[in-house]
Each structure stands twice: as C-alpha cells, then as structure tokens.
Amino acid sequence: MIDLLINIDHIATLRNARRETFPDPVHAAALCEQAGADGIVFHLREDRRHITDRDARLLRDTVQSKLDFELSTADDIVQICCELQPDLATLVPERREEVTTEGGLDVLQHRTRLRDVIRRLYDAGIPEVALFLDPDLDQIEAACEVGANCIELHTGDYANAATPAERRALAERLAQGAERAHALGLQIHAGHGLDYRNFRLFADTVPHVKEVSIGFAVIARAVFTGLPEAVREMRRVVKGY
Ligand code: PXP
C-alpha cells in the first residue's frame, strides 16, 4: 500500500500572494491529516517564497503523521532541518528563477557536498534522507554511494508526457529506476506532477514505491471541493478505498 503525503507549499503561496496571515499552511496540514493523509511535505526554499521559518517550526510542533522537509544543500537551511528533526529530509535541487523544482539532483556532480550534508542530517537524528532524482541508473547508484537511504523518483516528465505512448515509455523508465534502487536496498518515494488522472498508470507500472508526495493537484482541486474532500479523493485514487 502506497502512503500519500500531501505537500502544502501552495497554501503558503496563496497566503503570501496577498502578504496575509491566511490561509495558514499549518491549519491546512491538520486538515490533510484529518482527511487521511499519511504525512505532510513542505519545502523551505532559500528565497522563502512560500513556506517561512515560522511555518516550518509550527509544522514540526503540530504534525502528528510523517513530516517530510524538502531542502537544498544550502548551509543555513540544512541547519534548520537538523534542528527541526523531521521524519524525512528530501534533498532537492533549487534554482531561484524556477517556478517549481525542475529535474532531479546531479549526484555525480555533487558527490562530496551531498555526502557531507547527508552525514549532517543523520548525525542530527533524522532517520530517513532521500535524494530527488530522475530515473537515471548512474544517479541512483551514486545516491546509494553517498549514503542516502531513500530516493524520490522525479515523476515530472512522466506527468508532462505529450502522448499516451510517451507516458507509458516514461513509466517504464521510472520502473527500471525503481527496480535498480530496490536492488540497492534504497526506499523508493515518488513525486512531482502526479494527479487524479495520471496516478493509476504510474502505480500499475512502477514497483516498490513506498510513498508519494502530491501537492499542486490536491491544492488546486481544494479550491472547488474544499481541502478535506480533495485529500479524500486523492487517497481513494492512491489506495483504492
Ligand atoms: N516532490 C518534490 C521533490 C517537489 O519539489 C514537489 C513540488 O514541490 C513535489 C514532489 C510535489 O509536486 P506537485 O506539487 O506537482 O504535486
């Protein structure tokens, strides 16, 4: 059974668009949990464009389910993550000009830095450290070498496929990545662009996935249905009940 973690960054995006105090991502996280989410994800970006330090602290204090802190390898953000001790730290690439995370980490290029950061996160007591990766077998092997115990497969290209045939081919590629990661003993997560319609093919094709992180599709649907209903619907898609 795949666990559903909900990314609540876009609640903060909406709040910050009006420089308001609402809607509050901390309130959203509690509603997601009540509606059956298995965990909550947030990304404390270096430019603080959505989640703030205050949000991160309050989420750590209030989230009862699994808490996934997405972060870059910037020293000050790694320090905050170490202090907050989430259940899972997911390292992602970050570029200021991007609208959202684009593509996976280049582990081959940044081995030394990643090895150091992963060590710091474990030493702080964080039990799971994931690297966000494209389904590239060399990158997956490098993730294992630098000490990560999880990977999050980047499903953005799969989600953006132009045709059903392309989507099937990209699902197969994700499946090969998952097989290799599993053989290396890594835990497998996935996310980016997953939604109510493209999830099923993904789940039917890609083995060994323990959890998915889904944000935009759920928050966008919540505008019309309310957040609890949007989470319950996604939960039905992911778990089949
Ligand atoms: N996983 C990672 C690493 C991400 O950066 C994001 C986007 O914040 C997601 C999952 C969720 O993607 P989406 O909002 O498209 O569901």
Side-chain angles (χ1 to χ4, degrees), residues 2-14 16 25 28-29 32 37-51 55-56 59 66-74 77 81 86-107 114 117 128-135 139-140 143 148 150-161 167 170 174 177-178 181 187-199 202-203 206 209-223 227 230-231 233-235 237-238:
I2 297 179
D3 285 343
L4 170 63
L5 277 67
I6 301 288
N7 178 313
I8 41 84
D9 293 347
H10 289 299
I11 300 287
T13 303
L14 184 59
N16 296 0
C32 290
D38 299 301
I40 300 297
V41 187
F42 69 89
H43 183 175
L44 184 67
R45 293 187 74 105
E46 291 166 42
D47 62 10
R48 310 297 200 274
R49 70 171 70 157
H50 40 53
I51 295 293
D55 300 333
L59 286 165
K66 185 168 184 173
L67 187 64
D68 176 7
F69 187 142
E70 279 183 19
L71 71 159
S72 71
T73 56
I77 305 278
C81 187
D87 304 291
L88 162 66
T90 300
L91 289 161
V92 301
E94 208 176 287
R95 280 192 295 274
R96 270 173 200 260
E97 62 281 7
E98 69 195 358
V99 175
T100 180
T101 312
E102 291 167 0
L105 284 163
D106 188 345
V107 190
L114 283 165
V117 169
E128 289 183 19
V129 180
L131 302 186
F132 183 57
L133 297 183
D134 291 312
Q139 296 287 355
I140 291 167
C150 311
I151 60 162
E152 180 179 331
L153 284 170
H154 174 225
T155 50
D157 292 339
Y158 164 81
N160 291 330
R167 180 162 292 157
L170 288 163
L174 288 164
Q187 200 176 94
I188 298 151
H189 308 160
H192 215 284
L194 292 174
D195 65 21
Y196 297 85
R197 282 196 274 200
N198 65 27
F199 182 82
F202 165 81
V206 185
V209 177
K210 180 173 172 285
E211 62 193 49
V212 288
S213 159
I214 303 183
F216 188 74
V218 172
I219 305 306
R221 182 166 294 211
V223 172
L227 187 54
V231 172
E233 280 181 58
M234 196 69 233
R235 197 187 139 90
V237 171
V238 169

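Each residue takes its place number in the sequence, starting with 1. Here the structure is a predicted model, which means the values were calculated and not measured. Just follow the structure's listing: the first ligand is 1, and inside any ligand the first atom is 1.
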Considering only heavy atoms, does F216 approach ligand 1 within less than 4.0 Å through its side chain, its backbone, both, or neither?
both
Within the 4.0 Å heavy-atom shell around I214, which atoms of ligand 1 are there?
16 (O)
Dump the intermediate steps for side-chain contact (heavy atoms from CB on, under 4.5 Å) on F202 and V209, then the final yes or no.
CA-CA 10 Å; F202 165 81; V209 177; 4.0 Å; yes
Nearest candidate to atom 1 (N) of ligand 1, where distance is taken over non-hydrogen atoms, out of E152, H154, H192:
E152
Out of L133, T73, V92, which one pairs with L105 under the side chain to side chain contact (heavy atoms under 4.5 Å, CB included) rule?
L133
For atom 15 (O) of ligand 1, what's the nearest protein heavy-atom neighbour? Residue, atom name and distance, please.
G193 N, 2.8 Å
Tell me, which protein residue and heavy-atom name are nearest atom 5 (O) of ligand 1, and how many Å apart are they?
T101 OG1, 2.9 Å
I'd like to know whether I8 forms a side-chain contact (heavy atoms from CB on, under 4.5 Å) with I51, so could you lay out the CA-CA distance, the side-chain angles of the two residues, the decisive distance to 0.1 Å, and finally the verdict.
CA-CA 9 Å; I8 41 84; I51 295 293; 3.9 Å; yes
Looking at F216, I want to see if its CZ is surrounded by more than 12 non-hydrogen atoms of other residues, nucleotides or ligands under 6.0 Å.
no
protein heavy-atom neighbour closest to atom 11 (C) of ligand 1 works out as S213 O, 3.8 Å
Heavy-atom contacts with V92 under 4.0 Å: which atoms of ligand 1 show up? List them by number with element.
3 (C)
Quick one: nearest non-hydrogen protein atom to atom 2 (C) of ligand 1, plus distance?
E70 OE2, 3.1 Å
Among V218, I40, I219, V41, which one satisfies side chain to side chain contact (heavy atoms under 4.5 Å, CB included) with N7?
V41
Looking at atom 8 (O) of ligand 1, what's its closest protein heavy atom, distance included?
N7 ND2, 3.4 Å
Hey, could you give me the NE2/NE2 distance between H50 and H43, rounded to the nearest 0.5 Å?
6.5 Å
Going by an N to O cut-off under 4.0 Å, is there a salt bridge joining D195 and R197?
no
Judged on heavy-atom distance to atom 16 (O) of ligand 1, which of G215, G191, A217 sits nearest?
G215
Proximity of H43 to ligand 1 by residue part, where a heavy atom lies under 4.0 Å:
neither
Counting N and O atoms only, with roles assigned by atom type, does the side chain of Y196 sit under 3.5 Å from a partner on the main chain of A230, one being a donor and the other an acceptor?
yes
